[in-house]
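Report on the following structure.
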Amino acid sequence: MAPHADEIMVARVVVPASAAGPIIGRHGAHINALKEETGANIRLVRKEESSVPNERMVQIQGTLMACIQVVNVVVARMAEEPEMSRYMNMTTSYSRMLAGQQAQHHLHQAQHQGQHQGHGYSPHGPPHGPPQP
């Protein structure tokens, strides 16, 4: 069931800790203007309160439209400052994990084919070369 237009909700967005500056702005200028414009209550969880290193949570409390507007502005600010909005020194790299999974898959396929080839079976037809005694 969709919330009513005037119903207050809470949304949370996790961002790289380095993106906090561009989101907040100098002396809070960006976040204060966004609060004024949307009527939403916006809070960046402090580094000390974050349960995940190198991440900050933006907590938004307001109407559905206000929350959507704030999320759009947060993402736009991050896009304006791509160097500041990247995760640094991450222990989890999804691209490395994917590459590792693909490598394991190919290794498994090669081992599987090698087992069948060792028994005179090849998925590509009969073995080539002189017959073995």
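No hydrogens, no waters, no symmetry mates; every other heavy atom, side chains included, goes into these values.
Across Arg77 and Pro22, no two heavy atoms sit closer than the pair CD-O, 3.0 Å. Minimum interatomic distance between Pro53 and Ser51 (heavy atoms only, all atoms of both residues): CD-O, 4.0 Å.
Cys67 SG to Ile8 CD1: the interatomic distance, rounded to the nearest 0.5 Å, is 8.0 Å. Here the CD1-CD1 distance, from Ile24 to Ile42, works out to 11.0 Å after rounding to the nearest 0.5 Å. Taken to the nearest 0.5 Å, the CE atom of Met78 stands 8.0 Å off from the OG atom of Ser18.
Panel note: side chain Thr63, backbone Ala66; a donor-acceptor pair is recorded below 3.5 Å. Judged by distance alone, the side chain of Arg56 and the main-chain N or O of Ala20 form no donor-acceptor pair under 3.5 Å.
When the side chains of ILVMFWY residues are joined at heavy-atom separations under 4.5 Å, either directly or via intervening members, Ile23 and Met57 end up in two distinct hydrophobic clusters. In terms of hydrophobic clustering, with Ile, Leu, Val, Met, Phe, Trp and Tyr side chains grouped at heavy-atom distances under 4.5 Å, Val58 and Val73 are assigned to a common cluster.
With respect to Val70, the side-chain contact (heavy atoms from CB on, under 4.5 Å) criterion is satisfied by exactly one of Asn41, Val13, Thr38: Thr38. Of the listed residues (Ile31, Ile60, Val15), just one forms a side-chain contact (heavy atoms from CB on, under 4.5 Å) with Val74, and that residue is Val15.
At least one side-chain heavy atom of Leu64 sits under 4.5 Å from a side-chain heavy atom of Met9. Residues Asn32 and His30 are not in side-chain contact: their nearest non-hydrogen atoms beyond the backbone lie 4.5 Å or more apart.
Between Arg43 and Glu49, at least one side-chain N (NZ, or NE/NH1/NH2) sits under 4.0 Å from a carboxylate O, which counts as a salt bridge.
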